[in-house]
Amino acid sequence: MSQQEPAHVVVAGAGLAGLAGAVWLAEAGHRVTLVEKRGRLGGRTISVEVAGVDGRVDNGQHLFAGCYDALLRYVHTIGTADLLRWDAPPFAIRTGPGQLLTLRAPSWLPATVRRVVGLSWLAWPPIPLRDRPAALRTWLRIARAALRPAPELDDLTVDRWFRRIGAPASLRALVLDQFVIGLLNERTERVSASLFVRTLHWIGGRAAAGNTRAGDAVWPRVSLHELFVAPAERYLAERGADIVAGSGVTDVEIAGDAVTGVRLADGRVIEADAVVLAVPPWSLTTLLDRGNLGRYDHFGPARKIEAAPISSVYVWLDRPLRMRRLAENLRDTTIEWVFDTSGMHGVETGAGHCYSLAVSASWDVVHLSNAEFTAAALASLARNYPEFAEAEVLRTHVIHQPKATFSAQPGFDDLRLPQRTPVAGLFLAGDWTDTGMPSTMEAAAESAARAVAAVREHLGDRPGSEGGARR
């Protein structure tokens with residue numbers, strides 16, 4: 001091995017993309033500095049303390065899928081893969097008290113067959129008989145579009161596309177519209193049909209590549225801080241990385257068209273051989289407005305990316321609800337999802353049995369007061385779970401996230417930037433960059449993997465490049 005000084009890489013932004021990028025660069029032997037403007041790491045995947053509750057709760061329930069290859073690689077790298085709980089695909093729709101649409105196949109069947117059987121009711125759902133032929137045609141048209149996603153679908157909303165392919169209203173009300181919202185965190189009348197079919201293409205592609213558990217649900221058995229953040233901090237510290245928290249990057253230092261480092265809010269300049277900006281598009285826009293990057297038209301599309309909200313309320317009860325699945329999707333109520341958080345963690349503390357109630361694309365409730373949102377959420381529980389009438393609500397905690405994800409409206413495909421930039425040595429990461437995936441933890445981790453690969457190619461054979469991040 002050469003005795004040359006290892007290359008120094010600065011990663012700006014310590015959300016999931018930044019953490020994964022820093023970890024994999026350190027794994028490859030590079031000298032890493034991770035910079036985060038806030039006093040804590042984790043970005044949108046954070047955990048918070050709640051009065052009267054031991055430990056931390058997440059900023060809303062987070063769901064993995066079995067096809068999250070990059071994210072699973074990340075938790076394997078930092079040593080927390082054993083803190084995940086694998087479950088059947090999360091297709092369980094509650095339409096009222098005692099009415100849960102789901103199907104579990106016998107355990108003696110092979111795993112792949114069990115998953116197909118578990119999803120089979122979606123092909124022949126309990127909708128009026130007159131609508132079932134149109135429903136079957138709709139599924140076939142969706143499947144055909146997902147096999148070969150057409151670029152022109154980015155000109156249409158999902159709502160317009162569903163109307164064009166003849167999706168019956170009953171199928172949309174029961175399954176399709178909520179399926180889209182759950183995947184993309186945006187309403188069908190706002191979100192691009194292209195991202196919807198490309199997401200199905202991506203999931204199907206990973207299943208076809210041999211991942212028989214691609215559609216499974218994977219739940220964290222601990223807080224996201226324990227799963228993602230604290231282990232990454234330990235991993236980086238053990239490999240000599242520097243973590244700078246509380247002073248963010250205010251400008252990128254450029255000589256000619258090559259990066260030389262970053263300038264921080266406290267005035268420091270950190271020199272670097274390469275820089276990864278793992279920041280959301282609205283933070284990148286600030287850098288464009290105030291610094292050297294503003295002279296590059298390449299970054300302009302990031303200014304047009306909008307955010308979409310998610311709202312959640314944690315509820316602690318003195319007794320458990322009679323849920324049949326760890327996650328149940330509600331219909332015709334304010335709350336869309338009920339997650340059995342205590343069940344996922346496998347423990348019930350003195351604080352009570354914990355549930356996370358969530359609303360994706362929460363445009364209608366994100367501006368409600370905590371009291372108003374909590375009242376609507378509890379009414380949703382009362383409507384669907386009769387045993388709730390006998391339960392005592394011990395405590396609640398509301399979390400509104402106005403900028404939870406990007407809003408993938410028509411034309412969004414043209415706004416996503418690649419990990420490489422016109423500035424030599426400068427790279428981008430984040431779920432909003434060009435991964436072809438929706439705004440998920442997997443997109444963040446995948447963007448980090450692609451950025452790390454680009455960094456290592458840029459640095460060539462410098463020390464630190466031989467170690468090889470595991471794929």
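These numbers come from the heavy atoms of this one structure, side chains and all, not from hydrogens, waters or symmetry mates. When a residue number appears, it is its place in the shown sequence, counting from 1.
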Can any side-chain N or O of [X] pair as donor or acceptor with the backbone N or O of [Y] at less than 3.5 Å?
{"X": "Arg221", "Y": "Asp82", "answer": "yes"}
{"X": "Ser283", "Y": "Val279", "answer": "no"}
{"X": "Arg198", "Y": "Ala193", "answer": "no"}
{"X": "Arg56", "Y": "Glu49", "answer": "no"}
{"X": "Thr333", "Y": "Ser380", "answer": "no"}
{"X": "Asn185", "Y": "Ile181", "answer": "no"}
{"X": "Thr80", "Y": "Leu83", "answer": "no"}
{"X": "Glu372", "Y": "Ser369", "answer": "yes"}

Interatomic distance, [X] atom [atom1] to [Y] atom [atom2] [nearest 0.5 angstrom]:
{"X": "Arg383", "Y": "Arg331", "atom1": "CZ", "atom2": "CZ", "answer": "12.0 Å"}
{"X": "Leu330", "Y": "Leu100", "atom1": "CG", "atom2": "CG", "answer": "9.5 Å"}
{"X": "Trp219", "Y": "Trp86", "atom1": "CH2", "atom2": "CH2", "answer": "12.5 Å"}

Testing the basics here: between [X] and [Y], what is the closest heavy-atom pair and its distance to 0.1 Å?
{"X": "Leu72", "Y": "Gly66", "answer": "CD1-O, 3.9 Å"}
{"X": "Val313", "Y": "Ala377", "answer": "CG1-CB, 3.4 Å"}
{"X": "Leu63", "Y": "Met441", "answer": "O-CE, 3.6 Å"}
{"X": "Ile399", "Y": "Gly60", "answer": "CD1-N, 3.8 Å"}
{"X": "Ala429", "Y": "Thr433", "answer": "C-CG2, 3.9 Å"}
{"X": "Ala17", "Y": "Ser447", "answer": "CB-OG, 3.9 Å"}

Heavy-atom side-chain contact between [X] and [Y] under 4.5 Å:
{"X": "Leu174", "Y": "Leu101", "result": "yes"}
{"X": "Ile335", "Y": "Leu381", "result": "no"}
{"X": "Val393", "Y": "Thr374", "result": "no"}
{"X": "Pro301", "Y": "Leu417", "result": "yes"}
{"X": "Thr138", "Y": "Leu136", "result": "no"}
{"X": "Leu156", "Y": "Arg164", "result": "yes"}
{"X": "Tyr314", "Y": "Leu357", "result": "no"}
{"X": "Thr341", "Y": "Gln61", "result": "yes"}

Heavy-atom count around [X] [atom1] within 6.0 Å, excluding the residue itself: above 12?
{"X": "His345", "atom1": "NE2", "answer": "yes"}
{"X": "Arg40", "atom1": "CZ", "answer": "yes"}
{"X": "Arg319", "atom1": "CZ", "answer": "yes"}

Have [X] and [Y] got a donor and an acceptor in their side chains that come within less than 3.5 Å?
{"X": "Glu336", "Y": "Asn329", "value": "no"}
{"X": "Tyr385", "Y": "Glu328", "value": "yes"}
{"X": "Glu189", "Y": "Thr157", "value": "no"}
{"X": "Ser439", "Y": "Trp432", "value": "no"}
{"X": "Ser194", "Y": "Asp154", "value": "no"}
{"X": "Ser47", "Y": "Asp58", "value": "yes"}

Residues that [X] engages under side-chain contact (heavy atoms from CB on, under 4.5 Å), provided they are two or more places apart:
{"X": "Lys304", "answer": "Leu415"}
{"X": "Ala146", "answer": "Leu200"}
{"X": "Asp318", "answer": "Ala391, Glu392, Leu394"}

Passing candidate, side chain to side chain contact (heavy atoms under 4.5 Å, CB included) with Leu236, options Ile78, Leu41, Leu25, Leu34: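 Only match with Leu236 under side chain to side chain contact (heavy atoms under 4.5 Å, CB included): Leu34.
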Aromatic ring proximity, centroids under 6.0 angstrom, Phe64 and His62: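 No, the ring of His62 stays outside the 6.0 Å limit from the ring of Phe64, centre to centre.
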Residue pair Tyr355, His353: steps toward the ring-ring contact (aromatic ring centres under 6.0 Å, His included) verdict: CA-CA 7 Å; Tyr355 296 91; His353 203 97; 4.9 Å; yes
Side chain to side chain contact (heavy atoms under 4.5 Å, CB included) assessment of Arg420 paired with Leu428: CA-CA 7 Å; Arg420 298 176 184 275; Leu428 301 177; over 6 Å; no
Geometric class of the Trp337/Phe339 ring pair [parallel <30°, tilted 30-60°, perpendicular >60°]: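 Geometry flag for Trp337 against Phe339: parallel rings.
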Does this structure show an ion pair linking [X] with [Y], if we count only N-O contacts that are shorter than 4.0 Å?
{"X": "Asp364", "Y": "Arg187", "result": "yes"}
{"X": "Arg206", "Y": "Glu442", "result": "yes"}
{"X": "Arg325", "Y": "Asp340", "result": "no"}
{"X": "Asp69", "Y": "Arg73", "result": "no"}

Candidate pair Trp139 and Leu176, rule side chain to side chain contact (heavy atoms under 4.5 Å, CB included), full reasoning: CA-CA 10 Å; Trp139 283 121; Leu176 282 181; 3.7 Å; yes
Worked verdict on Phe196 versus Leu183 for side chain to side chain contact (heavy atoms under 4.5 Å, CB included): CA-CA 8 Å; Phe196 174 58; Leu183 281 178; 4.0 Å; yes
Cation-pi check, Arg239 onto Tyr235 ring (under 6.0 Å, within 45° of axis):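 The answer is yes, since Arg239 meets both limits relative to Tyr235.
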Lys/Arg cation over aromatic Trp363: Arg190, 6.0 Å, 45° cone: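 Pair Arg190/Trp363 counts as cation-pi.
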Looking at residues at least two apart in the chain, or sitting in another chain, which of them share a side-chain hydrogen bond (donor to acceptor under 3.5 Å, both in side chains) with [X]?
{"X": "Glu233", "value": "none"}
{"X": "Arg44", "value": "Asp431"}
{"X": "Ser170", "value": "Asp131"}

Pair Thr102-Arg324, side chain to side chain contact (heavy atoms under 4.5 Å, CB included): steps then yes or no: CA-CA 9 Å; Thr102 189; Arg324 289 167 53 193; 3.8 Å; yes
Check against side chain to side chain donor-acceptor pair (under 3.5 Å), Thr435 and Glu446: CA-CA 7 Å; Thr435 64; Glu446 176 64 23; over 6 Å; no
